[in-house]
Structures are given as structure tokens and as C-alpha cells.
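A short write-up of the structure that comes next.
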Amino acid sequence: MALHQGFAQVSPEVGVLDDAAFGQLMDDDPESALGLLADLVGATDPVLRRLAARLAGRITTDLARSGPAPGPAAGGSPGASQRRQGRGRRRPRRPLDAIVHARGVGVGVDTDELVVTAWERPGTALALVVDRSGSMLGPRLATAAVVAAAVVLSRPDDASVLAVAKEALVLRAQGAERPAEQVIDDLMVLRGHGVTDLSLALEAAARQLARSDARRKVCLLMSDCRFTAGEDPTAAARQLEELAILAPADDRLDAEALSGSSGARLVFLEGPLDAPAAIQQALG
């Protein structure tokens, strides 16, 4: 943990998490701050771990609710967006600025300062598969948390979330009433494993989607698509009605290969702040 930028300021002593110092780190380098927070959720100190999990749940759901106003998605129509109108002549902050400011001073986010991105279409069921192999740490884990929060918030009645390594773990079943923050808590405390069975995960996602009567059923796979256990996932990917891969921008070769062999849509993620716009693009 000590190798993280700002760790000494954010946690100056055992069992302490300084919200003001974290807010400053978010202001200076939000992606590093979110990566640190994701790793703090797995800290050995139980008090620090609990404080970090509580803060992570709030921040990731805030980020999932906000985001840049989307442009036209590839192969689809422009997403709908609206800025909540501020009072008087005050110019609203960008969504991230509003969240950072609110968390830094210890108050709730002013909804007048958020851009609300509406990328979800009615009648769409979503199943999110998150790769929880050993490479999903820090910023990648923070990105996964924001994506999971966005999926649950967008489809509270028709979304599932699964975490996959050697086995597929259902964190939220299709149609279940589990709040986004509870799903995030479960996702972030899972420790990464060294193997990934993508075929098993996609088959599990298909079973979740089969429980929905939505007109459109989409599996979102958040992974570098490097499978190290089970069968080649191409066959399982082709069985899905619709598959979109959310892959790390700096680790794309295996994702490109699976996209090419299965026909899945491929979207690259730079970090947690890109998550809402990337989901919009993935849904087309």
C-alpha cells in the first residue's frame, strides 16, 4: 500500500481513513485515487477495510450516475443526456468536479451539478461478467466497480452481475433486488485468482439472461479475455444473443481475438472515469 501515491496522507495511521486527504487526491489524480481506494478495500486492517468499502460504494455509485454527455455511439443513435439546471447564473461543475468537491468537504453531491447520462434503452436486460483474475487490481478493479454500479442502477429490475475466475460467482441474480452498493461491496472484497474460465462465465451469464423476458438481452464482458482454464470461449460467446466486450485499453490482443472470432462488439476502457461512456458505446 505504501507504494501508492498519497497513501501516507489518506491513511496516516492504522485504522484511519482521512476523507479530506482522499478528496484532495481525487482532485489531483482521480484515477490513482480510485485505484488506491480499490486496493484499500482489501487491506489487512479490518477498520481501514470497512471505511474504504463504505467510501468506495458511495463514490462508485456517484460516478456511475454521472458522466460526460455522450456523443453518437458507433452503429447507433446518440445517447440522451440532460444537465440538471443550476440556480441563478452559477455555472455547473463537471460531474467529477462536483463529486470531488462534495466528498472533499464531507457533504452530499448536489444533484443540480450533475450531468445525467441516459444510455440505457427500455426493454433491455443486462448481464455483466467481471473478470476477477489476478490482473484485476487497483484502477482495473475501480473501473469494474463503476461499471457494475452503472449496470445495476440502469436496470434495477433486470440486471445481473457475475464475477469470474476459476468459477462464476453470481453477485446479483437477474431480477434480484440488490442495491448497487451491496454489489460493489461484494465485488471489491473478492481477491483475484490466477486462472480465468471465460467459457464457464459466459454460459452462466446466458443462464441469467434466460430468466428475463426483455426484448433485448446483452452480456457485457469486462475482461482482457485471456482464458487460462476451461474451453476456448468462442463457442459460448457465439451462443449469446448479444455480447459486448469491455477490455483494458493497454491489454487488448486477446480481447480483439475473441471479438473477431465471435462477432462481439469491442470497446476499450482507459479507466474508471470512462465507464459510463464506454457502456453507452457498448450498447450501441
Side-chain angles (χ1 to χ4, degrees), residues 34 37-38 41 52-67 70 79-81 95 99 108-109 111 114-132 136 140-164 168-190 201-202 204-223 240 242-246 267 269 271-283:
L34 291 167
L37 186 60
V41 174
R54 188 179 305 156
L55 181 59
R58 293 199 306 267
I59 288 183
T60 53
T61 51
D62 283 342
L63 286 172
R65 288 188 177 99
S66 68
S81 68
I99 293 168
V109 179
T111 56
L114 294 180
V115 173
V116 180
T117 301
W119 43 259
E120 194 276 326
R121 296 176 180 175
T124 300
L126 300 178
L128 172 66
V129 176
V130 178
D131 184 345
R132 284 297 287 117
M136 290 294 287
R140 288 191 183 183
L141 180 54
T143 303
V146 178
V147 170
V151 165
V152 173
L153 290 169
S154 75
R155 295 298 294 153
D157 299 323
D158 207 351
S160 55
V161 179
L162 300 88
V164 59
L169 178 63
V170 179
L171 304 182
R172 188 183 198 268
Q174 206 79 27
E177 295 183 0
R178 289 205 78 207
E181 289 195 11
Q182 290 184 13
V183 176
I184 299 313
D185 287 347
D186 289 346
L187 175 62
M188 297 189 78
V189 298
L190 293 174
L202 295 177
R207 288 193 294 272
Q208 290 296 319
L209 288 170
R211 300 169 61 176
S212 170
D213 59 1
R215 295 187 303 275
R216 184 185 183 197
K217 300 179 181 182
V218 184
C219 176
L220 299 172
L221 171 61
M222 186 174 179
S223 174
L240 290 161
E242 193 172 345
L243 173 63
I245 300 170
L246 303 174
V267 178
L269 275 166
L273 306 185
D274 297 333
I279 298 173
Q280 176 206 333
Q281 184 181 353
L283 294 181

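As a basis for the values below, the full set of heavy atoms in this structure was taken, side chains included, without hydrogen atoms, waters or symmetry mates.
- Applying side chain to side chain contact (heavy atoms under 4.5 Å, CB included) to L220 and the options V267, V151, I245 leaves one that passes, V151.
- Closest heavy-atom contact between K217 and L209: NZ-O, 3.3 Å.
- For the atom pair C219 SG and L126 CG, the distance stands at 9.5 Å (nearest 0.5 Å).
- In this structure, A173 and S160 approach most closely via the heavy-atom pair C-CB, 3.9 Å.
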Next item on the list: Test V152 against I184 for side chain to side chain contact (heavy atoms under 4.5 Å, CB included), laying out the working first.
Entry: CA-CA 10 Å; V152 173; I184 299 313; over 6 Å; no
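- With R178 contributing its side chain and V183 its backbone, the two residues share no donor-acceptor pair below 3.5 Å.
- Minimum interatomic distance between L246 and A282 (heavy atoms only, all atoms of both residues): CD2-CB, 3.8 Å.
- Taking both residues in full, the closest heavy atoms of D158 and S212 are given as OD2-OG, 2.7 Å, listed atom of the first, atom of the second, then distance.
- Here the shortest heavy-atom pairing between L269 and M222 reads CD1-CE, 3.9 Å.
- No donor-acceptor pair closer than 3.5 Å links the side chain of Q174 to the backbone N or O of V161.
- Sequence neighbours left out, not one pair with a member in residues 205-214 passes salt bridge (Lys or Arg N to Asp or Glu O under 4.0 Å).
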Practice problem: Go through V218 and L283 one step at a time and tell me if the side chain to side chain contact (heavy atoms under 4.5 Å, CB included) criterion holds. | Solution: CA-CA 8 Å; V218 184; L283 294 181; 3.9 Å; yes
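- When all heavy atoms of V164 and A201 are compared, the closest pair comes out as CG2-CB, 3.4 Å.
- The side-chain heavy atoms of L202 and L240, taken from C-beta on, include a pair separated by under 4.5 Å.
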